[in-house]
2 protein chains.
Amino acid sequence: MSLVLDPAAQDLLFREARTANTFTDEPVTEEQVQAIYDLVKFGPTAFNQTPLRITLVRSAEARERLVRHMAEGNQAKTASAPLVAILSADNEFHEELPTLFPAFPQAKDLFFAERPAREGSATLNAALQAAYFIVGIRAAGLAAGPMTGFDAEGIRKEFLDDDHTPLVVVNIGKPGEGASYPRSPRLSYEQVVTTV
Amino acid sequence: MSLVLDPAAQDLLFREARTANTFTDEPVTEEQVQAIYDLVKFGPTAFNQTPLRITLVRSAEARERLVRHMAEGNQAKTASAPLVAILSADNEFHEELPTLFPAFPQAKDLFFAERPAREGSATLNAALQAAYFIVGIRAAGLAAGPMTGFDAEGIRKEFLDDDHTPLVVVNIGKPGEGASYPRSPRLSYEQVVTTV
């Protein structure tokens with residue numbers, strides 16, 4: 001009773017949503033990805049820096065190049081998912097900051113002049129946005145299969161450039177036969193939360 | 001029309017939700033935080049590692065100690081928010097892995113024997129969970145004020161230990177007078193998404 005979010009929405013986004021490892025053939029359309037982005041782009045980031053960049057791997061040729069860089073256990077599902085997205089952090093996000101955070105355009109030079117500071121901030125904030133994106137996939141009635149088992153340097157060279165850091169690769173589609181493993185246990189509130 | 005999530009839920013979690021910089025005096029109860037955790041604990045992480053740890057700063061004495069480590073622009077709101085949570089990554093999450101990911105208990109030693117690998121994974125996955133937590137705060141009808149402007153080493157020493165990395169500090173409560181700045185622009189779909 002402490003949540004105001006509709007119980008059906010709680011189920012759709014968290015309680016019944018599961019990571020999928022198999023998918024049906026039903027395509028994921030451009031309209032669906034646009035609708036997901038147009039929802040989750042509002043998720044908060046520091047200075048509204050929004051460093052997440054999304055590479056949709058749609059062509060068979062690109063999919064084959066991607067699969068080669070995935071960990072062995074991730075290859076079959078990445079090859080067969082209706083859509084795969086490479087989620088990366090743009091380490092040069094600060095170039096857009098004066099537009100993205102007009103209230104304090106000095107942030108670009110004050111906080112992000114040095115590349116290491118930018119990389120740390122881009123990774124953290126793009127990870128927040130990756131989570132919003134996963135929630136958005138579920139909001140579209142689709143299943144996400146997020147993966148971190150891949151050769152990041154290989155994917156960077158193959159699809160991105162030195163200014164981008166791949167963080168998560170996500171399979172997207174309708175769950176297929178035996179899509180999910182049994183739900184693993186979660187830590188209790190007492191194991192996670194401390195009060196001071 | 002591409003989203004199946006109820007429009008009211010879209011508004012609550014993303015479209016109308018805003019980062020709050022002022023709050024009313026209404027307390028945030030233990031029950032609310034438990035309800036938030038019990039929802040967002042289901043958000044996916046790699047190997048179900050769930051490295052997020054939450055420190056609720058409730059006592060006046062602890063709040064004072066925290067405020068000292070916040071960036072100047074974050075001090076007043078951190079001092080006055082009904083509740084403040086320090087979100088950190090547990091770099092020793094691997095100790096729980098055999099319980100958390102019973103399908104593959106070898107993961108603990110195969111992938112996470114070395115501390116640098118654990119730290120990278122803990123930071124990324126705790127950041128995903130921090131975003132789920134922000135979404136959960138909104139699901140409880142509360143406003144979040146996430147901040148990364150603080151002395152991380154200071155907070156670590158003051159409230160945590162060498163095994164924990166503070167990532168985000170979040171003010172939580174009902175939004176007060178003039179709680180939000182005007183919404184800043186977002187990047188267009190074309191600026192963020194590339195198809196290959």
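Below, chains carry the letters A, B, ... as their sequence lines are ordered, and counting in each starts from 1. From a predicted model like this one, the values you see are computed outputs, not experimental measurements.
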Residue [X] versus chain A: region with a heavy atom under 4.5 Å:
| X | value |
| --- | --- |
| B/L187 | both |
| B/F14 | both |
| B/L167 | both |
| B/S188 | backbone |
| B/Q129 | neither |
| B/T195 | both |
| B/A9 | both |

Do the side chains of [X] and [Y] join up, straight or via other hydrophobic residues, at under 4.5 Å, putting them in one cluster?
| X | Y | answer |
| --- | --- | --- |
| B/V135 | A/V168 | yes |
| A/V4 | B/F133 | yes |
| A/F93 | A/L160 | no |
| A/I137 | B/V192 | yes |
| A/I155 | A/I172 | no |

Between [options], the one whose heavy-atom pairs under 4.5 Å with chain A are most numerous:
| options | answer |
| --- | --- |
| B/R18, B/M147, B/E30 | B/E30 |
| B/A126, B/S121, B/A139 | B/A139 |
| B/Y37, B/F101, B/Y181, B/F111 | B/Y37 |

**Asked** For chain A, which residues from residues 38-73 of chain B have at least one heavy atom closer than 4.5 Å to it?
**Response**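 B/D38, B/L39, B/V40, B/K41, B/F42, B/G43, B/P44, B/A46, B/N48, B/T50, B/L52, B/R53, B/I54, B/T55, B/L56, B/V57, B/R58, B/S59, B/A62 fall under the 4.5 Å cut-off.
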Are [X] and [Y] close enough that some pair of their side-chain heavy atoms sits under 4.5 Å apart?
| X | Y | answer |
| --- | --- | --- |
| B/L13 | A/L13 | yes |
| A/P102 | B/P185 | yes |
| B/F159 | A/T194 | no |
| A/I134 | B/Y132 | yes |

**Within 6.0 angstrom of A/E114 CD, more than 12 heavy atoms from elsewhere** =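 No, not enclosed.
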**Item:** Interface moiety of A/V193 toward chain B, non-hydrogen atoms closer than 4.5 Å
**Value:**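 Both parts, backbone and side chain.
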**Item:** chain B contact via A/R183 - which portion, at a heavy-atom distance below 4.5 Å
**Value:**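 Answer is side chain: those atoms of A/R183 sit under 4.5 Å from chain B.
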**Message:** Could you measure the distance from the OG1 atom of A/T148 to the CG atom of B/N125? Nearest 0.5 Å is fine.
**Reply:**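 If we round to the nearest 0.5 Å, A/T148:OG1 and B/N125:CG are 6.0 Å apart.
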**Request:** Working to the nearest 0.5 Å, report the span between CD of A/Q32 and CG of B/L3.
**Result:**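 One finds 9.0 Å between CD of A/Q32 and CG of B/L3.
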**Item:** Top contributor to chain B contacts, counting heavy-atom pairs under 4.5 Å, from A/Q10, A/E31, A/Q34
**Value:**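 Among A/Q10, A/E31, A/Q34, the one with the most close pairs to chain B is A/Q34.
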**Message:** Just so I understand: if I count every heavy-atom pair under 4.5 Å between each of A/L100, A/V33, A/T19 and chain B, which residue has the most?
**Reply:**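 Of the options given, most contacts go to A/L100.
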**Message:** Restricting to non-hydrogen atoms, name the atom on A/L128 and the atom on B/A127 that form the minimum distance, rounded to 0.1 Å.
**Reply:**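 Closest approach of A/L128 to B/A127: CD2-O, 3.3 Å.
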**Request:** Please list, chain by chain and in numerical order, all residues satisfying side-chain contact (heavy atoms from CB on, under 4.5 Å) with A/D161, sequence neighbours excluded.
**Result:**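 So A/D161 forms a side-chain contact (heavy atoms from CB on, under 4.5 Å) with A/D163, A/H164.
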